[in-house]
2 protein chains.
Amino acid sequence: MSEPGLACCTPLTGTAMSPGQAEQVAPLLKALADPVRLRLVSLIAASAGGEACVCDLNDAFDLTQATISHHLKVLHTAGLLDRDKRGVWVYYAVRPGALAAVANLFDTAVLTPA
Amino acid sequence: MSEPGLACCTPLTGTAMSPGQAEQVAPLLKALADPVRLRLVSLIAASAGGEACVCDLNDAFDLTQATISHHLKVLHTAGLLDRDKRGVWVYYAVRPGALAAVANLFDTAVLTPA
DNA sequence: AGAGCACATCGACGCACGTCGATGTCTGAA
DNA sequence: TTCAGACATCGACGTGCGTCGATGTGCTCT
C-alpha cells in the first residue's frame with residue numbers, strides 16, 4: 001500500500017457469490033422488489049390456509065384488475081407463487097420454501113464472511 | 001360461496017404487511033435486486049475486515065468504473081453500505097445489521113401465517 | 001344456446017434503470 | 001506548483017418496468 005496503481009488493499013479473500021449464482025438469485029429479489037408484490041405475497045401468506053383468490057386480492061388495492069393479474073404472473077413466473085384454478089376462481093399460494101430460500105441467502109452466501 | 005360477485009373465500013384474516021411498511025422495504029430489495037450489486041455486497045462481505053476498496057471491486061467486473069461507482073452509490077443510498085474515505089481510496093463496508101434486517105423480513109412479517 | 005362473471009392477455013404510454021464516455025474533484029507525490 | 005491517480009458526477013442512450021383500457025378465454029348458471 002504505497003504507490004497508487006498497485007494492490008492497495010486485500011485481494012478479496014474468502015468465498016463470495018459467483019456471477020452465475022448472482023444472476024440466478026437476482027430475479028427472485030427483483031420479483032419481490034415492488035411494494036404491490038410485497039403486499040401481495042404478504043396478504044397471501046397471512047390468509048387462512050396460506051392461499052387467497054384473486055378477487056379478494058383485487059379489493060385490497062386501488063389498482064386495475066389487469067395490473068394485479070400482471071403482478072401475480074410475475075410472482076408466479078419467478079417461482080414464488082403457486083397457481084390453482086378452482087372453477088371460476090383462481091387461488092394463489094406462497095410456494096413452500098421459496099421465501100425461506102431467499103432468507104437463507106442472506107444468512108449463508110452473503111452475510112457470513114468466512 | 002355460492003353466487004359469483006359475493007365473498008368467494010376468506011376475508012384475509014391475520015396480520016399482513018402494511019402498505020407503508022411495504023413501500024419502506026421495497027427500496028431495500030430493489031437495491032439488492034441486481035446481479036452486479038448482489039456480487040458487490042457479497043464481495044465486500046467476504047473481504048478481509050468486511051470492507052473493500054473500489055479499486056479492487058472494479059477489477060472484479062467487466063464494467064466501467066463509472067458503472068461500479070453508480071452501483072455502490074445505490075447501495076450506499078439504500079443504507080446497505082457504509083462509505084469510508086482514506087486518503088486516495090474509498091472503502092465500502094456492509095452496514096451492520098442491514099442484511100439481517102432484510103432476512104428477518106421473510107422470517108417475521110411475511111413467512112409466518114398466524 | 002345465451003348471458004354474466006373471474007381472470008388472463010394485448011398494445012400502448014410514461015417513467016425509471018443500467019450502462020457508457022467524458023468531465024470534474026480531491027488526494028498524495030515529485 | 002504541477003502532475004498523476006482514485007473516485008464521483010454528468011449527460012445521453014437503449015431497454016425494461018408499472019400501469020392502464022380494451023379485448024380474449026373459460027367457467028357457471030339459466
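Sequence lines set the chain letters: A, B, ... in the order given, protein chains first and strands last, and positions in each chain run from 1. All values derive from a computational prediction rather than experimental measurement.
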Residues two or more places apart in sequence or in another chain: which of them pass side chain to side chain contact (heavy atoms under 4.5 Å, CB included) with B:T77? B:K73

Can you tell me how far P of D:dG18 sits from CG of A:L72, to the nearest Å? 13 Å

Mind calculating the distance between CH2 (B:W89) and P (D:dA4) to the nearest angstrom? 18 Å

List in chain and number order the residues that pass side chain to side chain contact (heavy atoms under 4.5 Å, CB included) with A:H70, two or more places apart in sequence or in another chain; answer none if no residue qualifies. A:V74

If only side-chain N and O atoms of B:Y92 are considered, is one of them under 4.0 Å from the OP1 or OP2 phosphate oxygen of D:dA8? yes

I need the NZ-P distance between B:K85 and D:dA8, as an integer number of Å. 8 Å

For B:L38 versus B:L32, what's the shortest heavy-atom pair and its separation? CD1-O, 3.3 Å

Base contacts versus sugar-phosphate-only contacts with protein, heavy atoms under 4.0 Å: please encode nucleotides 9-22 of chain C as B, S and - from 5' to 3'. B--------SBBBB

At less than 4.0 Å, is any side-chain N or O atom of B:R86 found next to OP1 or OP2 of C:dT27? Yes or no. no

Send over the distance from B:D84 CG to D:dA6 C1', rounded to a whole Å. 15 Å

Just to verify, what does B:S18 make a side chain to side chain contact (heavy atoms under 4.5 Å, CB included) with, not counting sequence neighbours? B:Q21

Here the distance between atom C1' of D:dG18 and atom CG of A:L40, to the nearest Å, is 13 Å

Give the rounded distance in Å between these two atoms: CD1 of A:I68 and C1' of C:dA6. 14 Å

With sequence neighbours excluded, residues passing side chain to side chain donor-acceptor pair (under 3.5 Å) with A:D59: none

Any B:R83 side-chain N or O less than 4.0 Å from OP1/OP2 of D:dA8: yes

Among pairs that include at least one residue of residues 87-106 of chain B, which meet salt bridge (Lys or Arg N to Asp or Glu O under 4.0 Å), considering only residues two or more places apart or in two chains? B:D82-B:R95

